[in-house]
Each structure stands twice: as C-alpha cells, then as structure tokens.
Peer 1: 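Below is one structure. I have some questions about it.
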Amino acid sequence: MIAIDGPSASGKGTVAQAVAQALGWHYLDSGALYRLVALAALRARVDWTDARRLAGVASALDARFTSGDAWLGAERVTDAIRTEACSAAASQVAGVPEVRAALLARQRSFRQPPGLAAEGRDMGSVVFPDAGLKVFLTATVEARAERRYKQLIEKGIPANIQTLLRDLRERDARDAERPVAPLRQLPDAHLLDTTAMSVDEAVAKVLAWQGERASSR
Ligand code: DC
C-alpha cells in the first residue's frame with residue numbers, strides 16, 4: 001500500500017497513477033470521490049449546511065471508475081467533476097466530518113491484491129494509516145500555478161497566472177486549516193518536493209523508495 005498526499009495541483013495524481021501502473025497495482029483518486037459527492041449533491045439540490053443529507057448522498061453514491069473515467073450511475077461525469085463549480089463544491093463537502101466518515105469504507109475497499117497506490121489529503125493519516133510507504137508530494141505554489149497554467153493553455157482554456165496563484169493559496173489554506181483530516185506532512189512520510197523535478201523523476205523516486213521497502217522486508 002502506497003499513500004501519496006499533497007496539495008492541489010502538486011502532480012500527485014499523475015505520479016500515483018504512473019506508480020500504480022508500473023507496479024501493476026490498483027489506483028485510487030480519493031479527491032474524485034469528494035467531487036462525485038459534490039456533483040450528486042448539487043444535482044439533488046441538497047442544502048450545503050445539511051450534514052446528514054450530504055452524508056446520505058455520500059453513502060448512497062452510485063459511483064464507478066473505469067480506466068480514466070468517472071461514472072455516476074450510467075452517466076460519464078469525467079469532465080463534469082472537474083469544473084470550477086464542482087471543485088469549489090467538493091472542497092465544501094470535504095470539510096463535513098459526516099461525509100468523510102461515510103466515504104471511509106468505500107475508500108478502503110479499493111485495497112485489493114496485488115496492491116494499491118492511493119492519493120489525496122488524508123491517505124496516510126486517516127484512511128490507510130498502516131500504509132507501507134507514505135509520501136508527501138508537494139511543490140512551491142508558484143510551480144504548481146505555472147503547471148496548471150500550461151495545462152489550461154494547452155487545452156485552449158484562457159487562464160491567468162495571478163488568479164491561479166490566488167486560488168491555489170486559498171485551497172491550500174482551506175485544506176491545511178480545516179479541523180477534520182487537515183493536510184499535513186506526517187512524521188513517517190517521505191517528502192518529495194517536485195518543484196525542480198520532472199514527472200518521470202518523481203515516479204522513479206517513489207518506485208525506488210518502494211523497492212527499498214520491499215527488499216528490507
Ligand atoms: O484532489 P482533488 O483536488 O481532486 O480533491 C477535491 C477536493 O476534495 C479538494 O477540495 C480536497 C478534497 N479532498 C480531501 O479532503 N481529502 C482527500 N483524501 C482528497 C480530496
């Protein structure tokens with residue numbers, strides 16, 4: 001079990017996915033689950049202050065992942081969960097303890113042989129505290145904003161670096177300062193600062209740590 005936690009736009013999704021693929025393991029994007037809860041709640045017009053109903057949406061979530069796609073029932077929602085509105089809503093529902101509790105068992109069910117690489121904010125602290133390898137993957141806020149900017153421009157989506165910087169700083173503060181499952185580097189997590197690293201270098205580093213662990217057992 002490899003748990004990779006880190007801030008928004010740090011590249012942990014890309015790295016975790018590549019690590020899972022290299023090892024032939026399963027992959028969990030836990031943020032996608034919070035995004036799916038947010039989308040389902042938006043559609044059902046659930047009141048954001050109604051923690052019990054939000055938790056009900058999380059428990060009853062008819063969600064599925066296929067290679068590269070997310071599904072809500074029979075609908076492919078891969079793009080719908082990545083909109084700005086859904087990102088903002090996901091960040092809200094992620095702050096509700098009842099929603100987090102309702103998603104715990106579902107996240108743990110992804111842990112199947114031969115192994116799981118999971119990424120999010122609380123993989124190593126709450127969901128998989130006994131993970132064999134924990135990584136805190138980060139980069140400076142400027143480097144993350146720059147990467148997001150390039151991604152958006154490549155997709156033909158207009159972007160502004162100052163707005164991206166401001167949004168990332170806001171999300172960092174919200175993720176790190178919330179009372180429930182805040183984003184933290186754990187004492188037993190390896191720090192991977194990818195500011196000056198390529199994706200391939202970051203993946204190689206995680207695989208090397210995993211290799212060291214496997215050979216020391
Ligand atoms: O990683 P992401 O940006 O797709 O995550 C979406 C939201 O869910 C974000 O606001 C952080 C939150 N999240 C969380 O609280 N815990 C996780 N394990 C994963 C994501």
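Throughout, residue positions are numbered sequentially from 1 according to the sequence presented. One-based numbering, in listed order, for ligands and for the atoms of each.
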Peer 1: Name the option, out of Glu119, Lys12, Arg121, that contains the heavy atom nearest to atom 17 (C) of ligand 1.
Peer 2: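 Result: the heavy atom closest to atom 17 (C) of ligand 1 is in Arg121.
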Peer 1: Please list the nearest protein heavy atom to atom 20 (C) of ligand 1 with its residue and the distance rounded to 0.1 Å.
Peer 2: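 Answer for atom 20 (C) of ligand 1: Gly31 CA, 3.5 Å.
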Peer 1: Taking all heavy atoms of Arg147 and all of Thr194, pick out the closest pair and write down the distance.
Peer 2: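 Distance-wise, the nearest heavy atoms are NH2-O, 2.6 Å.
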Peer 1: Any chance you could lay out the side-chain hydrogen bond (donor to acceptor under 3.5 Å, both in side chains) test for Ser10 and Arg144, step after step, and finish with the verdict?
Peer 2: CA-CA 6 Å; Ser10 57; Arg144 290 183 281 131; over 6 Å; no
Peer 1: Is there a side-chain contact between Leu42 and Trp48 in this structure, where contact means two heavy atoms from C-beta onward sitting under 4.5 Å apart?
Peer 2: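 A side-chain contact under 4.5 Å exists here.
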Peer 1: Under 4.0 Å, counting heavy atoms only: does Arg178 come that close to any atom of ligand 1?
Peer 2: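 Yes, Arg178 has heavy atoms under 4.0 Å from ligand 1.
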Peer 1: Nearest to atom 12 (C) of ligand 1, what protein heavy atom do you find, and at what distance?
Peer 2: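 Checking every protein heavy atom, the shortest distance to atom 12 (C) of ligand 1 gives Ala94 CB, 3.7 Å.
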Peer 1: Atom CZ in Arg106, atom CG in Leu61: separation rounded to 0.5 Å?
Peer 2: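 So the CZ of Arg106 and the CG of Leu61 are separated by 4.5 Å.
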Peer 1: Considering only non-hydrogen protein atoms, determine which one is nearest to atom 8 (O) of ligand 1 and report residue, atom name and distance to 0.1 Å.
Peer 2: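 I find the closest protein heavy atom is Tyr34 CB, 3.6 Å.
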Peer 1: What is the closest protein heavy atom to atom 19 (C) of ligand 1, and at what distance does it sit?
Peer 2: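 Checked against all protein heavy atoms, atom 19 (C) of ligand 1 sits closest to Ser30 OG, 3.4 Å.
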Peer 1: Can you tell me which residue and heavy atom of the protein come closest to atom 7 (C) of ligand 1, and the distance to 0.1 Å?
Peer 2: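 So the nearest neighbour among protein heavy atoms is Ala90 CB, 4.0 Å.
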Peer 1: Please state which option from Arg100, Met123, Arg82, Arg171 has its nearest heavy atom closest to atom 14 (C) of ligand 1.
Peer 2: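 When every heavy atom of Arg100, Met123, Arg82, Arg171 is considered, Arg100 comes closest to atom 14 (C) of ligand 1.
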Peer 1: Give the residue, atom name and distance (to 0.1 Å) of the protein heavy atom nearest atom 6 (C) of ligand 1.
Peer 2: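 Residue, atom and distance for the closest contact: Arg35 NE, 3.7 Å.
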Peer 1: Taking atom types as modelled, is there a side-chain donor on Asp193 or Thr195 under 3.5 Å from an acceptor on the other?
Peer 2: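 Short answer, yes.
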Peer 1: Would you compute the distance between atom CE of Met123 and atom CD of Gln107 and round it to the nearest 0.5 angstrom?
Peer 2: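 Those atoms lie 4.5 Å apart.
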Peer 1: Does the distance from a Lys or Arg side-chain N to an Asp or Glu carboxylate O, for Glu142 and Arg169, drop under 4.0 Å?
Peer 2: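 Yes.
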